There are 2 protein chains.
Amino acid sequence: MATTEIRAEPLSIGEVAERTGLSVHALRFYEREGLLIGPVQRTAGGRRRYAPADVDWLLICVKLRESGMPLTDLKRFAELVRQGAGNEAERLHLLDTHQRRVEAQIQALEECRSVIAWKVGVYAEHLARGEAAGLWDPTARGEAEGEGAE
Amino acid sequence: MATTEIRAEPLSIGEVAERTGLSVHALRFYEREGLLIGPVQRTAGGRRRYAPADVDWLLICVKLRESGMPLTDLKRFAELVRQGAGNEAERLHLLDTHQRRVEAQIQALEECRSVIAWKVGVYAEHLARGEAAGLWDPTARGEAEGEGAE
DNA sequence: ACTTGATCTAGACCTCGCTCTAGATCCTAG
DNA sequence: CTAGGATCTAGAGCGAGGTCTAGATCAAGT
C-alpha cells in the first residue's frame, strides 16, 4: 500500500458542519460547552482544524443527540474520556442507560404509531364512504362522540 | 344491564391530570392555547368539569405529543374539529403526515440504537478483559484512536 | 365558623438547545 | 492590492413547551 492512503486531513469548521449535519454555530457552541474531547487544533490564524477523531466523536454525538441524550450527559461522557483510563465502567453505564431509554422510546413510538394508524383508518374509511358518520362532532358534546373509541 | 353502566361522570381537573399524565398546569395551558375541542364546562363555582369526550381527546393529544407532533398542529386539528364537518380530508392529511414522521423517527431511532449498541459492546468487551486496549484516548489525538471505528 | 385542600386567573419565569448579531480577522482568487 | 467569502469572539435572542407564583375563591369535613 502506498503512503497514507487513509490521509484524512484536518477539516475546517465548515467542512465538519457539512459532514456532521451540525451548523457551524452549533459546532462552536458544542466546543464552548465542553462537549468535545480535546480542544480543537487551530491554524496560525486561529481557525479551527478538526482532526478525524474529532469528527468521529461528533458523529457519535449526533446519534446520541438524535436519540435524545441531553447535552449534560454528552458533556459528562466527554469529561470522562478527557480524564483518561479508569472510568470505563461509568462510561459504559451512561451509554447503557441511554440505550435503555432509546428502546423505551421506540416502544412508546410504536404504540403511538398504532393509535395514530387506527385514527387514520377511521378517517380514511369515513372519507371513502362519503362524509357519513359522526367523527369528532363538537355539536354532540356531552354524549358519546362515536369515532369508534371503545 | 343496569342503567348507565358506562356512566363516566364529568371529572375535575385533578382527576383528568391523573388519567392523562398531564399536569393541571399543562391542562389549563392547553385550554388557553385552544388545543381543546370545546370550551370545558364549568361548575357554578367556576371549576372545570371535563366530559369523557374531553378526556378521550386529551388522551389522543398525549399520544400525538409523545410522538412529537408540535402544539401548532394539534391546535390546527382542534380548530378543524371545532369547525365541524367538511374538512375531514385536511384532518386526515394532518394525521397521515404525522404518521409518516413517526415512522421516520422510529427508523432513525433504530439506527441510533444500533450505533449505541455497538459502542456499548466495545466498552463491555474492554471491561471484560480488564482495561486493556485504547478506547477514546485523549493523549493519542491526531492519529487513529482505535475503539474499533471503521 | 373554621380549617384544609383543590381550583381559579393572569402573567412572570424557566430549561433546553441552539441561532443570530456585531464587528474584527483571515485567506484565496483575480 | 483588493474584494469576497469563511471564520473568529462574546454575548444577546429565540421558540417550544410548559412550570410556577400570587392572591383569591370554592367546597367539604368537624
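Below, chain A is the first sequence line, B the second, and so on; all start at residue 1. This one's a predicted model, so the numbers in the text were calculated from it and none came from an experiment.
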C/dC20 P sits how many Å from A/L27 CG, rounded?
14 Å
D/dC8 phosphate, OP1 or OP2, under 4.0 Å from A/R48 side-chain N/O
yes
Counting just side-chain N and O atoms, does A/R28 come under 4.0 Å of either OP1 or OP2 of D/dC8?
yes
Enumerate, atom names and distances included, each donor-acceptor pair closer than 3.5 Å involving a side-chain atom of residues 68-75 of chain A, sequence neighbours excluded.
from  : atom 1 : to     : atom 2 : distance (Å)
A/D73 : OD2    : A/R101 : NH2    : 3.4

Which pair of heavy atoms, one from B/Y50 and one from B/L27, lies closest together, and at what distance?
OH-CB, 3.9 Å
Taking only residues two or more places apart in sequence, or in another chain, which ones meet B/R49 in a side chain to side chain donor-acceptor pair (under 3.5 Å)?
none
Nearest-Å distance for atom pair CD/C1', residues B/Q41 and C/dT7
17 Å
Backbone of B/L35 reached by a side-chain donor or acceptor of B/W57 within 3.5 Å
yes
Please determine whether a side-chain nitrogen or oxygen atom of B/R42 lies at a distance below 4.0 Å from atom OP1 or OP2 of D/dC26.
no
Would you tabulate the nitrogen or oxygen pairs shorter than 3.5 Å linking the protein to nucleotides 15-18 of chain D?
from   : atom 1 : to    : atom 2 : distance (Å)
D/dG17 : OP1    : B/R65 : NH1    : 3.4
D/dG17 : OP2    : B/L71 : N      : 3.3
D/dG18 : OP2    : B/Y30 : OH     : 3.0
D/dG18 : OP2    : B/R65 : NE     : 2.9
D/dG18 : OP2    : B/R65 : NH2    : 3.2

Please enumerate all residues that pass salt bridge (Lys or Arg N to Asp or Glu O under 4.0 Å) together with B/E103, with sequence neighbours excluded.
none
Does B/E18 have any salt bridge (Lys or Arg N to Asp or Glu O under 4.0 Å) partners at least two apart in sequence or in another chain, and if so, which?
none
Applying side chain to side chain donor-acceptor pair (under 3.5 Å), can you list everything that pairs with B/R19, at least two apart in sequence or on another chain?
none
Could you write out each protein N or O paired with an N or O of nucleotides 1-6 of chain D at a distance under 3.5 Å?
from  : atom 1 : to    : atom 2 : distance (Å)
D/dA6 : N3     : A/R47 : NH2    : 3.3

Partners passing side chain to side chain donor-acceptor pair (under 3.5 Å) against B/S67 (at least two apart in sequence or in another chain):
B/H98
Under the salt bridge (Lys or Arg N to Asp or Glu O under 4.0 Å) test, residues paired with B/E66 that sit two or more places apart
B/K63
Check the interface with nucleotides 11-15 of chain C: list each N/O to N/O pair with the protein under 3.5 Å, or write none.
from   : atom 1 : to    : atom 2 : distance (Å)
C/dG11 : N7     : B/R32 : NH1    : 3.4

Quick test of your reading: applying salt bridge (Lys or Arg N to Asp or Glu O under 4.0 Å), list the pairs with at least one residue in residues 27-40 of chain B, sequence neighbours left out, ordered by first then second residue.
B/E31-B/R42, B/E31-B/R48
Rounded to whole Å, how long is the line connecting atom CG of B/L11 with atom C1' of C/dT7?
15 Å
B/R65: which residues meet the side chain to side chain donor-acceptor pair (under 3.5 Å) condition with it, sequence neighbours left out?
none
Taking CD from A/E31 and C1' from D/dC8, how many angstroms apart are they, rounded to a whole number?
11 Å
